[in-house]
Chemist: 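There's a structure below that I have some questions on.
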Amino acid sequence: MCGIVAYTGCKEAYPILIKGLKRLEYRGYDSAGVALLQQDGIALYKCRGRVADLDEMCANKNVSAHTGIGHTRWATHGEPNTENAHPHLSADGKIALIHNGIIENYLVLKQELISRGYTFKSGTDTEVLVHLVEDIFKKEDVTLPEAVRIALSGVVGTYALAILSADAPDQLILAKKGSPLLIGMGDNEFFVGSDGAPIVEYTKKVVYLEDGDVAVAIPGKKLEIRNVNEEGKQRRYQQKLVMNLEQLEKGGFEHYMLKEIFEQPKAIKDSMRGRLNVKKDVVSLGGIIEYETKMMNARRFIMVACGTSWHAATVAEYLFESLVRVPVEVEYASEFRYRNPIIYEDDVVIAISQSGETADTIAAVELAKSRGATVIGICNVVGSTLARATHAGSYTHAGPEIGVASTKAFTAQVTVLTLMALCLARKKGTLALSEYHDIVNNLEEIPAKVEETLKLNDQIREIAKTFVDKRNAIYLGRGINFPVALEGALKLKEISYIHAEGYPSAEMKHGPIALIDEEMPVVVLATEQETYEKTVSNIQEVKARKGKIISVVTRGDELVKQMSDYCIEIPQTQELLTPLISCVPLQLLAYHVAVLRGCNVDKPRNLAKSVSVE
Ligand code: F6R
């Protein structure tokens, strides 16, 4: 949801900004721009399209500067065009500003600024900020950082900002509320990014800004941080960036998505590492130890999340209810937060997010906390807003996920949720030791079984050919495979733009069956399950209407294989762990269909990785 990069120091800023923007492009790719502080003022270059287009545009331009800001946009207010691209300039051209977030009261501010004589060049909410700062800076006898602080005190909404000015050429001003921003500390230089990706190459010493912070970075001086809501200087501790450069490269794969699908055995292993003790009779999740009693005594678990993370939450509903025997409600974070939900103090809310920056999920967390519930986070990005906003939590250790379509984050989330359910079930005594051992033994074999499943890649590429000219697809699953059907459909629609819907298999006959004809591919999850026979009947119902069956079965299954047009055989596992394997062929299927249709797999249209707006 927009990427921000900035640099100030003695290096050339432009190459750092461009490289950083390329690494942040997954956050949005509608337009890109940079502003560079040069001897004779600010040089501004921006265009519609990708960072590569911007770089091409700048090929013969003077881009020499030691301070600069760069932005890659996911459009919210105003269509993707050059005028709406960031940076935005003040009326006198002396202040440049980039923004990630949404200014909710921008219309009121805009009217006020128009009445004071300002004219607007863009349709964005962001442009009000640069004029507001300029207005205060010129009219009040204050420094530029103070003008920013005053301006932001009247702003409603979310922002991560980087600002530079020809009138204060030694200063880079940074501010944050609700959108992420971190500052890397180099030798007499500062690197800024929406996440660690543009920074990690230069330094691992970072400071995470907190909401309301306004920071001033001056090369050779200490970072100075004040807050919009408090007087005086603020102390923010330096932390180590948990990321390495290799994780950000494609490593020989054609796309990040494919690389990340193939990284799942490792991501699952890493998410389990150190959490299952040697004798395997205890699961311990360090991050939640202090809250274990609260979790064991929970009246109810409420899982809040969005998108793929919501599907992981839905898998967890089956896991928690079956193992921990406590009721679970799964909520779309966006609906939960506006519904005035009933939340009890002995409820435990589990918020799940890969990025840890999803605006709706964060808002749901704040709401649950304000009602007295205990809030546990599960997220992938260390130091993210979610990680800091929750009472406690467990990280997934999937490594950076760059492909916009989430893959390894999903399996890592399901792994951590499985461990959490096992930990609580043992402590509560709702799971017999023998059953516990059976699940744990199976869990340990999952990385190897996912590895085996990945060997089906070529077969799945062949099956994908039959989808290329299709306009619709249906995904069916029962029980714990139902959320996998939803996830498979989401993967297909988001990267190949084929309309796809997931249903509980039994729901098909209550409506969707009307859609089935010889043109309709129906992907059925038909692995060994208590409801296997019922699924077989559902397959017959599709076949009777000439639908094309693509089944995912447990290896060795002959019955469903014979009924299917295409059959994908995956390794057997304990039923509750099936999603960790059954989702993999569906990820590969979506990937190959999208590639065959010529779609941009890593950067699907209209999407962004980190949805930090409502
Ligand atoms: C789908 C996808 C999205 C995200 C959703 C939540 O492939 O990536 O649906 O799952 O935007 O994002 P996080 O998990 O970062 O909160």
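Numbering of ligands and ligand atoms starts at 1, following listing order. Remember, it's a predicted structure, so these values are computed and weren't measured experimentally.
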Chemist: Show which atoms of ligand 1 fall inside a sub-4.0 Å distance from at least one heavy-atom site of Gly307.
Modeler: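 In order of number, 9 (O), 10 (O).
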Chemist: Does the N or O separation between Gln413 and ligand 1 drop below 3.5 Å for any pair?
Modeler: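 There is no such contact.
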Chemist: In terms of atom number and element, which parts of ligand 1 are under 4.0 angstrom from non-hydrogen atoms of Glu494?
Modeler: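 Answer, ordered by atom number: 1 (C), 7 (O).
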Chemist: Quick test: of every protein heavy atom, which one is nearest to atom 6 (C) of ligand 1, and how far off is it to 0.1 Å?
Modeler: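 That would be Cys306 O, 3.3 Å.
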Chemist: I want to know whether Tyr29 and Trp74 have ring centres closer than 6.0 Å.
Modeler: no
Chemist: I need the contact type for Glu357 against ligand 1. Using non-hydrogen atoms and a strict under-4.0 Å cut-off, is it side chain, backbone, both or neither?
Modeler: neither
Chemist: Decide if atom CD of Glu366 counts as having more than 12 heavy atoms of other residues, nucleotides or ligands within a radius under 6.0 Å.
Modeler: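 Yes, CD of Glu366 has more than 12 neighbouring heavy atoms, counting only those of other groups under 6.0 Å.
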Chemist: Hey, does Pro80 have a side-chain heavy atom less than 4.5 Å from the side chain of Ser31?
Modeler: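 Result no, sub-4.5 Å side-chain heavy-atom pair not found.
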Chemist: Tell me, yes or no, whether the heavy-atom count around Lys269 atom NZ, taken from other residues, nucleotides or ligands under 6.0 Å, exceeds 12.
Modeler: no
Chemist: Under a 4.0 Å threshold between the charged nitrogen and the carboxylate oxygen, would Glu331 count as salt-bridged to Arg339?
Modeler: yes
Chemist: Atoms of ligand 1 less than 4.0 Å from Ser353 heavy atoms?
Modeler: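 With Ser353 as reference, the close atoms of ligand 1 come out as 13 (P), 14 (O), 15 (O), 16 (O).
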Chemist: Just need the protein heavy atom nearest to atom 15 (O) of ligand 1, so name the residue and atom and give the distance.
Modeler: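 In this structure, atom 15 (O) of ligand 1 has Ser355 OG, 2.6 Å as its nearest protein heavy atom.
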Chemist: So that I can tick it off, tell me whether Asp347 and Arg300 are bridged by a salt bridge, with the cut-off set at under 4.0 angstrom between side-chain N and carboxylate O.
Modeler: yes
Chemist: State the atoms of ligand 1, each with its element, that fall below the 4.0 Å cut-off from a heavy-atom position in Lys491.
Modeler: 1 (C), 7 (O)
Chemist: To check your reading of the model: name the closest protein heavy atom to atom 4 (C) of ligand 1, its residue, and the distance in Å.
Modeler: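 Looking at atom 4 (C) of ligand 1, the protein heavy atom closest to it is Thr308 N, 4.0 Å.
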Chemist: Run the numbers for me: atoms of ligand 1, each under 4.0 Å from some heavy atom of Ser309, listed by number.
Modeler: 10 (O), 13 (P), 14 (O)
Chemist: May I ask you to check whether Thr411 and Gln264 show a side-chain donor-acceptor distance below 3.5 Å?
Modeler: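 Side chains of Thr411 and Gln264: pair found under 3.5 Å.
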Chemist: For atom 11 (O) of ligand 1, find the nearest protein heavy atom and state the residue, atom name and distance (0.1 Å precision).
Modeler: Val611 CG2, 3.9 Å
Chemist: Can you confirm whether or not the ring centre of Phe253 sits under 6.0 Å from the ring centre of Phe262?
Modeler: yes
Chemist: Numbering the atoms of ligand 1 from 1, which are under 4.0 Å from a heavy atom of Val404?
Modeler: 8 (O)
Chemist: In terms of side-chain geometry, is the basic nitrogen of Glu210 or Lys176 positioned less than 4.0 Å from the acidic oxygen of its partner?
Modeler: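 The answer is no: the pair does not qualify as a salt bridge.
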Chemist: Hey, which atoms in ligand 1 end up nearer than 4.0 Å to a heavy atom of Gln354?
Modeler: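 Taking each heavy atom of Gln354 in turn, ligand 1 has 13 (P), 14 (O), 15 (O), 16 (O) under 4.0 Å.
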Chemist: Answer yes or no: is there a side-chain heavy-atom contact under 4.5 Å between Ile350 and Val348?
Modeler: yes
Chemist: I'd like to check which ligand 1 atoms, numbered from 1 as shown, lie under 4.0 Å from a non-hydrogen atom of Ala405.
Modeler: 7 (O)
Chemist: For atom 16 (O) of ligand 1, find the nearest protein heavy atom and state the residue, atom name and distance (0.1 Å precision).
Modeler: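 Checked against all protein heavy atoms, atom 16 (O) of ligand 1 sits closest to Thr358 OG1, 2.4 Å.
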